[in-house]
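These notes concern the structure reproduced below.
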Protein chains: 2
Amino acid sequence: MSNARERILEAAKAAFSERGFDGVSMEEIAQRAGVRKPLIYYYFPSKEVLFEEVWNRALEELENHIFKEVENENYYVRKIKRFLRAYIDFVTSRKVLSKVIEKERASVLDGSGEGDVWKRLKRRYDDFLNRVAQLIEEGKKNELVNPEIDSQTAAKLITEALAASTTSGSVLKSIESFILSGLMGRTGS
Amino acid sequence: MSNARERILEAAKAAFSERGFDGVSMEEIAQRAGVRKPLIYYYFPSKEVLFEEVWNRALEELENHIFKEVENENYYVRKIKRFLRAYIDFVTSRKVLSKVIEKERASVLDGSGEGDVWKRLKRRYDDFLNRVAQLIEEGKKNELVNPEIDSQTAAKLITEALAASTTSGSVLKSIESFILSGLMGRTGS
DNA sequence: AGCATTTTACTGACCAGTCGGTAAAGGAGG
DNA sequence: CCTCCTTTACCGACTGGTCAGTAAAATGCT
């Protein structure tokens, strides 16, 4: 088993999280991995594909962390609270991964990337968003989430908002109650 | 009065909004402005400073649009509703400007940019964030906003969430009520 | 076992092209 | 002539990516 490939991925993850896709050169990744640049191309056909694997791994870890915590809980209010707590926990404890996503989400989502790779990145993120939307939809069926709220929009809004909360521990409770009230409340017009 | 400078800024704005700071070359900006590249350097000392002016203008327009609508309203609930509506209106009607901000906000905020310029960009954005936080603080004084909520965090969260809502018209009401409930509600733990 | 061959993991040297940025010289109007 | 705007021509550094080659490990064959 080659650990060079893994070291490259690790270095790429760190680099992309600091400066984003365009801000990082293959040479930099190679140096951080303690490897010559052509070796990266031995394992990955292009910079884009390398980023794709970093991106997919980040989303997979995020999904695992969040939905594992949620699936064995049947009472919806507890479920959504667990979801929020797990999300916040992920963002604060796995900052590197979170920043990879945060830095490129805007570019991935508005689909300005022209190659196949960027389309796949977008699909992957949309899948994640759909799982969150499904969770909200479930709350509407249980009549615990405001039915006026569009699930897709709420999913986008919540994930975006939570990603921004890399702030320290004490304020997290307020984030949680903020979103919770937003979902359930009915203060509109 | 030279309109070349203005054409350059306009072209830069459009380009940066599509591909972000690192994704755009000075040559591309020059071509889109119908100008040779060195002319950009006649008006702007560097790519960073050019971006700085685009960034500052975007934030200034956003602030004007938002706070102009708010300042002559004294009843707080109407005030915050106007704020949200103006924000959503800006995001949906001035998409180019919104995207400039959205694409670089993560990089600007985590301060990985090393030069003076990036520090100034961050300061500028923090100022904007503080004005939003002040608005929320005002709601706490009027006992209309949940006092558990940290204003700074809420400001970050709301702006981040609103920026993501480039979706079409019908869902905007639900975004508004979502955030409104989040601010006022008290469903926490 | 021992030898030959293929595969794996890796590197130095090097592309062609692009990057941000510059020096110097027009061209136009006063 | 001078000053302001604009261009032509160019630079060194760096970009993503390629290629020929290699040490060592795995495999096949006898």
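Order of the sequence lines fixes the chain letters, A, B, ..., with proteins taken first and strands second; residue numbering starts at 1 for each chain.
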### Message
If you only use heavy atoms from C-beta on, which nucleotide in C:dG21, C:dG12, D:dT7 is closest to the side chain of B:K47?
### Response
C:dG21
## Note on the structure
B:I40 CD1 to D:dC5 P, in whole Å, measures 16 Å
### Task
Give the rounded distance in Å between these two atoms: CZ of B:F51 and C1' of C:dG21.
19 Å
### Query
Does B:Y43 place a side-chain N or O at less than 4.0 Å from the phosphate oxygens OP1/OP2 of D:dT6?
yes
### Task
Could you tell me the separation between the CD atom of A:E48 and the C1' atom of D:dG17, rounded to a whole number of Å?
13 Å
### Message
Whether A:K81 and A:E176 form a salt bridge (side-chain N of Lys/Arg under 4.0 Å from carboxylate O of Asp/Glu) is what I want to check.
### Response
no
#### Entry: Nucleotide nearest A:A4 when distance is taken to its side chain, options C:dG12, C:dC10, C:dG20
C:dC10
### Query
Between B:S25 and C:dT18, does any side-chain N or O lie under 4.0 Å from OP1 or OP2?
no
### Task
Round to a whole Å and report the spacing from CD of B:E27 to P of C:dT22.
16 Å
### Task
Would you mind telling me which of D:dG16, C:dT11, D:dT8 lies closest to the side-chain atoms of A:M26?
D:dG16
### Query
Rounded to whole angstroms, how far apart are CD on B:Q31 and P on D:dT7?
13 Å
## Note on the structure
A:E28 CD to D:dT15 P, in whole Å, measures 9 Å
### Query
Using the ring of each side chain (for Trp, its six-membered ring), is B:F51 parallel, tilted or perpendicular to B:F16, with breaks at 30° and 60°?
perpendicular
### Summary
Whole-Å distance, B:R36 CZ to C:dG26 P, equals 18 Å
### Message
When you measure from the side-chain N and O atoms of B:Y41 to the phosphate of C:dT22, is any distance below 4.0 Å, counting only OP1 and OP2?
### Response
no
### Task
Grab the CG-C1' distance between B:D22 and C:dG20 for me, whole Å please.
12 Å
### Task
Look at the rings of A:F128 and A:F67 and say which category their plane angle falls in: under 30° parallel, 30 to 60° tilted, over 60° perpendicular.
perpendicular
### Task
Please figure out whether A:G34 or B:K37 has its closest DNA chain C nucleotide nearer the 5' end.
A:G34
### Task
Check A:T92, A:I179, A:L62 against A:Y87 for a side chain to side chain contact (heavy atoms under 4.5 Å, CB included) and give me the one that passes.
A:L62
### Query
Is the centre of the B:F21 ring less than 6.0 Å from the centre of the B:W118 ring?
yes
### Query
So does B:Y42 get a side-chain nitrogen or oxygen closer than 4.0 Å to the phosphate oxygens (OP1/OP2) of D:dC5?
yes
#### Entry: Of the listed nucleotides D:dG17, D:dC5, C:dC10, the one nearest the side chain of B:L39
D:dC5
